[in-house]
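When a ligand or atom number is given, it counts from 1 through the structure's own listing order.
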Amino acid sequence: MSERTKIKEILNSSKTDYQATVKGWVRTFRNNQFLALNDGSTVKTLQVVVDRESTDENILKNITTGAAITATGKVVESQGRGQSVELVADSVIINGVSDPDKYPLQPKRHSLEFLREIAHLRFRTNTFSSVFRVRHSVAFAIHEFFHKRGFVYIHSPIITCSDAEGAGEMFQVTTLDMDQLPNQEDGKVDYKKDFFGKSAKLTVSGQLQAELGALALSEVYTFGPTFRAENSNTSRHLAEFWMIEPEVAFADLDDNMDLAEDMLKYVIQYCLDNNKEDLEFLEQRLLNEEKQKPQNERSDLALIEKLKFCVSNDFERLTYTEAIKILMNSKPNKKKKFQFVIEEWGADLQSEHERYLVEKHFKKPVILTDYPKDIKAFYMRMNEDGKTVRAMDILFPGIGEIVGGSQREERLDILMERMEEFDIPHEEMDWFLDTRRFGTCEHAGYGLGFERLVQFISGMNNIRDVIPFPRFPGNAEF
Ligand code: 4AD
Ligand code: MG
């Protein structure tokens, strides 16, 4: 078998006059002679020059958009414009034909909505191959960042019986026959007869398990799928998304903010260094898309400039209370332009408020801390004021909340009181309380929404376009 050379390697090298074999999918074929080949290693295509005199008629006929082929020949300096090197083929093999009349991807611009319907083929477009190469880099850089700092990667369970966020947005996991549920005398389902002997769910967060790990290994992180049965049909929500949750012992909220800011900057810089061509392509894509929008809805900075800005500036840090003052005094609040007008301290922040702070007021990423206890989860550390908790949310331009985290309540008595306020029975979480009984310590962590970060870095507007096969209400195709 001949050795295969990736197209990226050929295009990124100035070497010429050597034999190579390339394999990939045909994008276009002009004049029965010039074939644009893409193999997914780069957004760019390699021009393969086919000798139409000596090549079999049957092969020529089957070099169509979408076909898989193998070409062997000499890499030479290109005579034509638009590329520096090309491959002059001695042989072309058709690995898999593609009927041009039926292949859904034509060599033209398709809408993102249409491509979402054919998500099984959208990997083959420039936009999606770039997005998924960036997604890979983001994942790799996250592991690298934590690995370099001595964190241990923990695999938290996907099936669980505890609602970590207490928001009641869990998908149920069961092997019971839905048409014939075993009922108890009171009419309720008898989960003792279910697979796990009780009602089980898909996890909404690996945090509670990460805390258990941190209180022994000191620094851990999870990176796994999480599930939320919230009926949110927005461009920022998925029913199945990936979350990264670091958890650090002997750390407070300031350490937590520093860690999150360092991590975000590290990952963005990694993509700037390693995905230049993809980001240039995605930047151009975004510029074209925004041309159709009115001036005031376009981004202030082009994609790469925005990423560089984010890496080289400190995030703005302020408390919820300070943010509420800014929002109450803001024009859109006074003129009732917000859909949810902020009337008083204690109001939950909606995405319109978060985006106002980030995009209009500070014009940079913002970290908000010390939220009212009533709008945050039970596990966050209570402040001296008895009204606020040591929470932090990181807000990004164009995205809103990208990270949510907190310093944890490490004091057993206060944690138990908080659980009572949230109607969480102590027995159900006894294992969690044990960490507070035996060797408890100050600790903190956060959750990063992986797809939201990929959205930010790739400049894609809809979260459904940065995960291969999005799950959202009414959709679990592919
Ligand atoms: O703010 P959340 O709900 O926090 C937690 O789950 C904590 N247990 C994290 C922790 O402290 N370890 O979710 C964390 C992040 C959000 O900031 C957001 O970026 C993302 O997860 N996220 C979603 N992303 C896509 N679709 C959804 N439905 C999301 N819900 C949250
Ligand atoms: Mg949150």
Between K44 and E277, does a salt bridge (charged side-chain N to carboxylate O under 4.0 Å, His left out) hold up when you go through it step by step? CA-CA 8 Å; K44 303 210 163 115; E277 286 173 2; 3.6 Å; yes
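Counting only residues at least two apart or on different chains, the ring pair (Phe, Tyr, Trp, His ring centres under 6.0 Å) pairs with a member in residues 362-411 are F315-F396, Y320-Y371, F396-F456.
Taking distances strictly below 2.8 Å, the protein N/O/S atoms close to the Mg ion (ligand 2) are E401 OE2.
Residues forming a side-chain hydrogen bond (donor to acceptor under 3.5 Å, both in side chains) with D255 (at least two apart in sequence, or on another chain): none.
Between F114 and H110, the two ring planes are tilted [angle within 30° to 60°]. Between F123 and F132, the ring planes are tilted. Angles from 30° to 60° get that label.
In terms of heavy atoms, C271 sits closest to S137 at SG-CB, 4.0 Å. G405 and M380 make their closest contact through O-CE, 4.1 Å (heavy atoms, listed as atom of the first residue, atom of the second, distance).
Defined by atom type and a distance below 3.5 Å, a donor-acceptor pair is missing between the side-chain atoms of Q350 and E354.
The cationic atom of K325 (NZ for Lys, CZ for Arg) does not lie both less than 6.0 Å from the six-membered ring centre of W345 and within 45° of the ring axis.
For ligand 1, the 4.0 Å heavy-atom shell contains residues E165, S205, Q207, R228, E230, R236, H237, L238, F241, M243, E245, Y379, E401, I402, V403, G404, G405, R408, G445, Y446, G447, G449, R452, I463.
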